[in-house]
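One structure is given here, and the rest of the page talks about it.
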2 protein chains.
Amino acid sequence: MPTSKDVAQAAGVAQSTVSYVLSGKRPISEKTRKKVEAAIEQLTYQPNAGARALASRKTRVIGLVIPFIPELHMASIMEFVSVIASTARQYDHDILLVTEDEGAAGLQRVVGQQICDGLILMQVEGEDERLPVARSLKVPVVLIGIPRDPSGLVCIDADFEMAGEQCVRDLAAAGHSVVTVIDWQQEVVDRHVNYVDRFMHGTDVAATELGVKVLHLPGGTNREILADSVDKGLAQTTGVPAFIAPDGTVQDILRRILSSRGLTPGLDVSVIGSASPTLAELQPIPLSTIDLRPGEVSRRAVKIMCQLLEADSLGPHESLELVPTVITHRSSTLRPPHGA
Amino acid sequence: MPTSKDVAQAAGVAQSTVSYVLSGKRPISEKTRKKVEAAIEQLTYQPNAGARALASRKTRVIGLVIPFIPELHMASIMEFVSVIASTARQYDHDILLVTEDEGAAGLQRVVGQQICDGLILMQVEGEDERLPVARSLKVPVVLIGIPRDPSGLVCIDADFEMAGEQCVRDLAAAGHSVVTVIDWQQEVVDRHVNYVDRFMHGTDVAATELGVKVLHLPGGTNREILADSVDKGLAQTTGVPAFIAPDGTVQDILRRILSSRGLTPGLDVSVIGSASPTLAELQPIPLSTIDLRPGEVSRRAVKIMCQLLEADSLGPHESLELVPTVITHRSSTLRPPHGA
DNA sequence: CACCATCGTCGATACGCATCGATAAATTTC
DNA sequence: GAAATTTATCGATGCGTATCGACGATGGTG
């Protein structure tokens with residue numbers, strides 16, 4: 001592998017000049033810049049990352065802590081990972097994977113060995129042994145998701161409260177007076193996972209404001225529980241029933257349950273789910289969705305991280321950013337009455 | 001951050017002694033080892049990765065090139081990524097993500113900058129601009145999946161031919177004389193993607209041997225094409241129909257189509273799908289599966305990589321490893337007649 | 001008891017780059 | 001036209017580790 005010294009020799013300049021051509025931190029004449037660039041080209045020189053990190057104390061690598069995954073969420077996690085990696089590249093950074101099975105020790109390892117300049121933690125919910133560690137680290141940490149106690153942490157997440165509001169508003173506008181929310185599975189609700197509570201609160205706020213009745217019933221992937229929730233929702237509804245299923249994993253099952261009850265989304269029942277636009281369009285009946293915009297959340301997480309890195313921030317930071325959600329009508333919800 | 005020099009000072013030894021304690025490359029007396037270890041503990045010393053890489057010319061990082069993903073495959077990709085990352089840690093290595101949107105330049109970048117000691121490429125199929133690059137790189141490269149021309153490359157993949165054979169054998173043993181294979185979508189078949197051809201060949205080999213008739217019909221996520229394939233399969237079947245759906249993405253739709261034709265898997269139709277055991281168990285009717293063992297493939301890929309790194313191999317390598325697939329009976333296939 | 005391995009430790013150096021101070025050359029100022 | 005600036009480049013140094021040769025101490029041998 002050629003070194004900057006080789007390049008310098010080929011271009012007839014000093015090694016430091018090569019360095020300055022690359023970094024632009026000192027003025028270089030057009031003439032020598034050309035010479036150096038030609039030499040770089042010819043030798044296909046690429047700076048050695050290790051040496052660069054050693055000298056500059058920056059690795060240009062961001063550690064991404066990925067959660068242990070109940071199988072069904074994997075697809076959505078990959079969406080985050082993929083966008084995070086691409087976005088990081090746009091800021092000229094790379095992504096190193098840190099798996100959850102290393103626990104908090106993993107964070108200390110990658111930071112302690114200075115493999116990473118900062119960390120992005122995905123799907124941190126409630127309590128977590130890694131949170132105190134995250135707070136104590138001397139590198140920037142960005143959380144995707146909001147823990148019970150976000151103090152001293154930089155967090156970003158979809159605006160679940162807004163999402164809840166949007167769903168209820170939308171269904172109210174379509175004429176529904178009772179809305180059934182199929183929540184996450186009971187144990188998740190009981191844990192008071194932050195985003196669940198926020199979503200529920202959003203639905204309640206809108207419901208109170210609009211005089212709509214909102215039922216909260218447990219979701220999850222268990223057919224019987226889900227069927228039970230649906231039936232309870234139907235029983236308590238007068239007029240056309242409406243369902244909101246913010247948990248992406250229940251939708252397939254929900255659809256089948258409704259179908260077995262003789263209900264057709266968009267015709268005699270409204271359904272708002274959570275799915276990416278492409279997936280929503282692929283459904284037999286294109287699904288009206290509340291889009292939690294994982295891609296946008298990921299992009300912003302990386303952006304925040306890179307800004308923190310740029311600022312070379314010393315003291316601890318704290319912030320909380322919520323990404324607006326987007327509701328999209330497709331065929332699974334009733335159309336609002338004309339003129340409404 | 002403390003350095004090895006700090007540790008040396010605290011322990012009253014030379015920096016090089018600290019280094020030897022850590023690497024074990026020279027004998028160290030019990031006494032000084034204890035002293036050094038105590039100092040390391042006390043200072044919570046961790047070696048600097050950049051300096052280590054610079055001096056040793058090894059980063060202990062493996063680049064993982066993840067494919068651009070048609071949405072539906074994301075879950076399975078995450079399975080690979082997750083196991084690869086965990087396994088790498090077991091070999092004391094880390095994983096750096098290289099996204100496909102950087103193309104072949106991405107490979108040259110991470111290798112050229114010496115961020116990585118080696119590369120694992122996922123889901124390389126057919127031709128790919130990265131293959132010639134992979135061959136020319138001076139670091140080990142392991143492919144998951146087999147390209148059209150695997151010469152000069154180290155590849156590993158599930159044994160799709162074995163999988164095809166196992167499926168047909170199994171259905172034949174259950175008494176089926178006609179088996180319908182719902183292939184991947186037509187365009188994938190037409191591209192003669194390596195694993196597709198291998199799977200189909202496997203089914204054909206077993207069919208010829210056992211005197212079973214095998215129909216190949218297009219799959220994919222389009223309901224109409226799929227329904228058409230199912231109907232054609234049914235029309236050409238005498239006796240109880242049997243379907244093999246090696247493409248995980250078609251299974252939901254296939255199930256519904258069969259159901260709408262009044263057929264119940266395990267009762268008056270046999271279905272073998274491809275899914276992880278956990279997912280298969282979650283189905284309304286637990287799905288008999290051909291398991292392509294992505295986790296095992298991932299583990300072996302990392303193992304091969306680490307062996308290549310250990311060997312410090314100079315010349316180019318070439319090998320091809322196939323991971324045996326596993327067929328598992330659940331409730332979606334007929335039971336073989338007793339005594340068969 | 002002088003001689004020679006062996007073992008354990010030290011000091012020095014290289015790895016490739018960034019960066020600082022210094023210097024030579026070019027330009028401006030009075 | 002000499003002094004004061006500015007501009008472009010060079011040389012030297014440090015980043016933290018691995019590794020090599022050297023060296024003192026220890027123990028065994030004749």
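In the text below, chain A, chain B and the rest are named by the order of the sequence lines, each starting its count at 1.
Which of C/dG8, C/dC17, C/dT19 sits closest to the side chain of B/Pro27 comes down to C/dG8.
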*Could you walk me through whether A/Asp159 and A/Thr325 pass the side-chain hydrogen bond (donor to acceptor under 3.5 Å, both in side chains) test, one step at a time?*
CA-CA 6 Å; A/Asp159 190 338; A/Thr325 54; over 6 Å; no

*asked:* Assess the residue pair B/Thr32 and B/Ser29 against the criterion (side-chain hydrogen bond (donor to acceptor under 3.5 Å, both in side chains)); give the C-alpha distance rounded to whole Å, side-chain angles, the decisive distance to 0.1 Å, and a yes or no.
replied: CA-CA 6 Å; B/Thr32 55; B/Ser29 71; 3.1 Å; yes

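B/Ser23 comes within 4.0 angstrom of nothing in the nucleic acid, heavy atoms only. Within 4.0 Å of A/Val13, counting heavy atoms only, lie sugar-phosphate atoms of the nucleic acid but no base atom. Using a 4.0 Å heavy-atom criterion, one finds that A/Ser19 contacts the bases of the nucleic acid, with or without backbone contacts as well. The residue B/Ser29 sits close only to the backbone: its heavy atoms come under 4.0 Å of sugar-phosphate atoms, none of a base.
A nucleotide of DNA chain D counts as in contact with chain A when one of its atoms lies under 4.0 Å from a heavy atom; the first and last such, 5' to 3', are D/dA8 to D/dG16.
For A/Lys5, no side-chain nitrogen or oxygen approaches OP1 or OP2 of C/dC17 to under 4.0 Å. OP1 and OP2 of C/dG16 both lie 4.0 Å or more from every side-chain N or O belonging to A/Ser4. The side chain of A/Tyr45 places an N or O atom within less than 4.0 Å of a non-bridging phosphate oxygen (OP1 or OP2) of C/dC17. Contact annotation: A/Arg52 side-chain N/O to C/dA18 OP1/OP2 distance is under 4.0 Å.
In the helix from C/dC1-D/dG30 to C/dC30-D/dG1, the end axes, each obtained as the rotation axis mapping the C1' atoms of four pairs onto the next four within a five-pair block, lie 50° apart to the nearest 10 degrees.
B/Asn194 and B/Pro147 get closest at one heavy-atom pair: ND2-O, 3.6 Å. Heavy-atom minimum distance, B/Leu43 versus B/Pro2: O-CG, 3.4 Å.
Atom CD of A/Gln15 and atom C1' of C/dG16 are 8 Å apart (whole Å). If you measure from atom CD1 of B/Ile28 to atom C1' of C/dT6, you get 15 Å, rounded to the nearest angstrom. Rounded to whole angstrom, the span from the NZ atom of B/Lys58 across to the P atom of C/dC15 amounts to 17 Å. At whole-Å resolution of the value, NZ in B/Lys25 and C1' in C/dT9 are 18 Å apart. The nearest whole Å value for the distance from the CD1 atom in B/Ile115 to the C1' atom in C/dC17 is 15 Å. Across the protein-nucleic acid pair, A/Tyr20 atom OH and C/dT19 atom P stand 7 Å apart, rounded to whole Å. Between A/Arg26 atom CZ and C/dC20 atom P the separation is 7 Å, expressed in whole Å. The CD-P distance, from B/Gln9 to C/dC10, rounds to 13 Å in whole Å.
In this structure, OG on A/Ser319 lies 5.5 Å from CD1 on A/Ile304, to the nearest 0.5 angstrom. In this structure, the separation between OG on A/Ser86 and CD1 on A/Ile95 is 9.5 Å, given to the nearest 0.5 Å.
Between B/Arg60 and B/Asp94, none of the side-chain N atoms (NZ, or NE/NH1/NH2) sits under 4.0 Å from a carboxylate O, so this pair counts as no salt bridge. The pair B/Lys34-B/Glu37 does not meet the salt-bridge criterion, since no charged nitrogen lies less than 4.0 angstrom from a carboxylate oxygen.
Residue A/Ser56 is the one, among B/Ser56 and A/Ser56, whose nearest nucleotide of DNA chain D lies closer to the 5' end (criterion: closest heavy atom). If you find the closest nucleotide of DNA chain C to B/Thr17 and to B/Leu54, the one lying nearer the 5' end belongs to B/Thr17. Residue order along DNA chain C, read from the 5' end via each residue's closest nucleotide, puts B/Arg33 first among B/Arg33 and A/Asn48.
Screening A/Gln108, A/Arg130, A/Arg109 for a side chain to side chain donor-acceptor pair (under 3.5 Å) involving A/Glu102 leaves a single residue, A/Arg109.
Counting non-hydrogen atoms of neighbouring residues, nucleotides and ligands closer than 6.0 angstrom, the CD atom of B/Glu296 exceeds 12 such neighbours.
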